Amino acid sequence: MAGPRDWEISRRDLMVGAGAGAVLAATPKLAEAGASLASETRMPTLASVSFTVNGEGRRLEVDTRTTLLDALRERLQLTGTKKGCDHGQCGACTVIVDGHRINSCLTLAVMHEGSEVTTIEGLGQPENLHPMQAAFVKHDGFQCGYCTPGQICSAVAVLDEIKAGIPSHVTVELDGELLPTSDEIRERMSGNICRCGAYSNIVDAMAEVAGRRA
Amino acid sequence: MKAFSYERARTPAEAAAAAAEHEDAKFIAGGTNLLDLMKLEIETPAHLIDVNGLALDTIETTPEGGLKIGALVRNTDLAAHKRVRKDYALLTRALMAGASGQLRNKATTAGNLLQRTRCPYFYDTAQPCNKRSPGSGCAAIGGFSRQLGLVGVSDACIATHPSDMGVAMRALDAVVETVKPDGETRTIPVAEFHRLPGDTPHVENALEKGELITAMTLPAPVGGKHVYRKVRDRASYAFALISVGAVVQPDGTGRVAIGGVAPKPWRVEAAEADMKRGAKAVADGLFANARPTHHNEFKRTLAERTLGSVLTEARG
């Protein structure tokens, strides 16, 4: 899947860097700054990584800076996973890796050798929706839909976490039985921001799936 | 993000040696703080050493009856561990008060301790910051300092350490275990791990170049009632304005550490002698040398009242 696009971008960046250096060097006072700029220009490093995405083995050659999110979207064309803040604050990039939900924007693709990644495309398809996807549709758990893939990946993992007995900030008894109450769901979903404010319907969708499971 | 080379380390000693060999090397484990800072070019390592394969992800009972927590144990797994929940509930509560579910699944024990301040002036590369760029000045002093520190701070820096976990670790007398590039291992009490800023706020902890945290150990359980109370601007997924971690014994004695007020988890053992006299007496000791700004002086009052509430709950 690796196209020539990545190299073109790298080449263009390098040319921009060289051009800036030349301009700075022409101004005596800034020559020193130009030199330090040039010394800080580092060549991109390529590395290969293999992981499984939605059950399919993938091997990529990536710039080491490539996040898992960018690898999924830009290299594997799995654009269901969204880039929101790109700093782990919004949750739009949430995917499930080795059974755990994570922010794919805050991890490097090269750190996932051998990982099993599940994105929204792997949870279900339009003709074969995952129960959580169907519940989001039924309960209107979205408006614009941008945060939705992250919300759904997170929601699926949240119910698994409750089932596994992992406590949360609002859990009263640390050794008691854990139930998917609204309080538990709300607290556990706080890493997924919805600017349209579909929260109450998301809680309803999750409660229905949790009830169906129980 | 600046380009960097990358390697996967196979043993802790090998990782430490690699870090000493490379100029500007960093370890990466969870990466949730480091990559955030690398995107902003606040951190610009030339070489990353991935330590995720080091098998430091187990929690074991020590001969003394305490716990040895591997450096790579994820925050979620540490909080959910049966013995932690039973014997060190303060740690579970503190961990679960921090970050989001996604971040806790990735963030590690050592990384949590090593995370950097969320001072907005540290994050804004257009502003002077002695921590980010030594000698450039501090825009936080005289700036918008509501979120920042009031005790243990200096004329060079008023940033806080943002960890919730660290507050619990400090109250529970945790010890940091490390390995140096030459293979030598050592232990550092968590009380001595973080440095106060003084005039070198960029030096944040006791680690030497290349030194790698391998574990944190907890002494045998101390019993008592464990309470962690975090006060923040929203109910979830926000850093503390202040937090109180306390272990209170049936006789009214106990220990308390405070988060969100200092460059390190803040505990003053001498102040704990006043636990039976109530929150005001303890807070007077904790904040004896406080130097709040106009914006953050409310934290002194907030901490005392929260501690009062915590003591009431613990004795109730």
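Below, chain A is the first sequence line, B the second, and so on; all start at residue 1. The structure presented is a predicted model; accordingly, all values stated were derived computationally and were not measured.
With rounding to the nearest 0.5 Å, the separation of CE in B:Met96 from NE2 in A:His169 is 11.0 Å. Here OG1 of B:Thr76 is found 6.5 Å from CD of A:Glu161. Values are rounded to the nearest 0.5 Å.
Heavy atoms closer than 4.5 Å to chain A are found in both the backbone and the side chain of B:Asp36. Contacts between B:Arg74 and chain A at a heavy-atom distance below 4.5 Å are absent for every atom of the residue. Proximity to chain B (any heavy atom under 4.5 Å) is restricted, for A:Thr94, to the side chain, taken from C-beta onward. Residue B:Ala79 touches chain A through its backbone alone, counting heavy-atom pairs closer than 4.5 Å. Proximity to chain A (any heavy atom under 4.5 Å) is restricted, for B:Ala29, to the backbone atoms N, CA, C and O.
Of the possible polar contacts, one joining the B:Asn105 side chain to the A:Arg101 backbone as a donor-acceptor pair under 3.5 Å is found. Remark: side-chain polar atoms of B:Tyr6 are paired, donor with acceptor, to backbone N or O of A:Val110 under 3.5 angstrom.
When the candidates A:Cys105, A:Ala157, A:Ala164 are compared by the number of heavy-atom contacts under 4.5 Å with chain B, A:Cys105 comes out ahead. Interface check for chain A: of the options B:Ala238, B:Ala80, B:Ala99, B:Gly30, the most heavy-atom pairs under 4.5 Å are formed by B:Ala80. Contacts with chain A were tallied for B:Asn33, B:Thr44, B:Leu34; B:Thr44 has the most, counting heavy-atom pairs under 4.5 Å. Of the residues considered (A:Val97, A:Thr67, A:Val158, A:Leu108), A:Leu108 shows the highest number of contacts with chain B, using heavy-atom pairs under 4.5 Å.
A:Leu106 is not listed as a side-chain neighbour of B:Lys106, based on a closest heavy-atom distance of 4.5 Å or more.
Contacts with chain A (heavy atom to heavy atom, under 4.5 Å) involve these residues of residues 85-95 of chain B, listed by number: B:Arg85, B:Ala89, B:Thr92, B:Arg93. Scanning residues 175-191 of chain A against chain B with a 4.5 Å non-hydrogen threshold yields A:Glu187, A:Ser190, A:Gly191, sorted by number. Along residues 229-237 of chain B, the residues that come nearer than 4.5 angstrom to chain A, judged on non-hydrogen atoms, are B:Arg232, B:Ala235, B:Ser236, B:Tyr237 in order of number. Taking 4.5 Å as the heavy-atom cut-off, none of the residues of residues 193-204 of chain A approach chain B.
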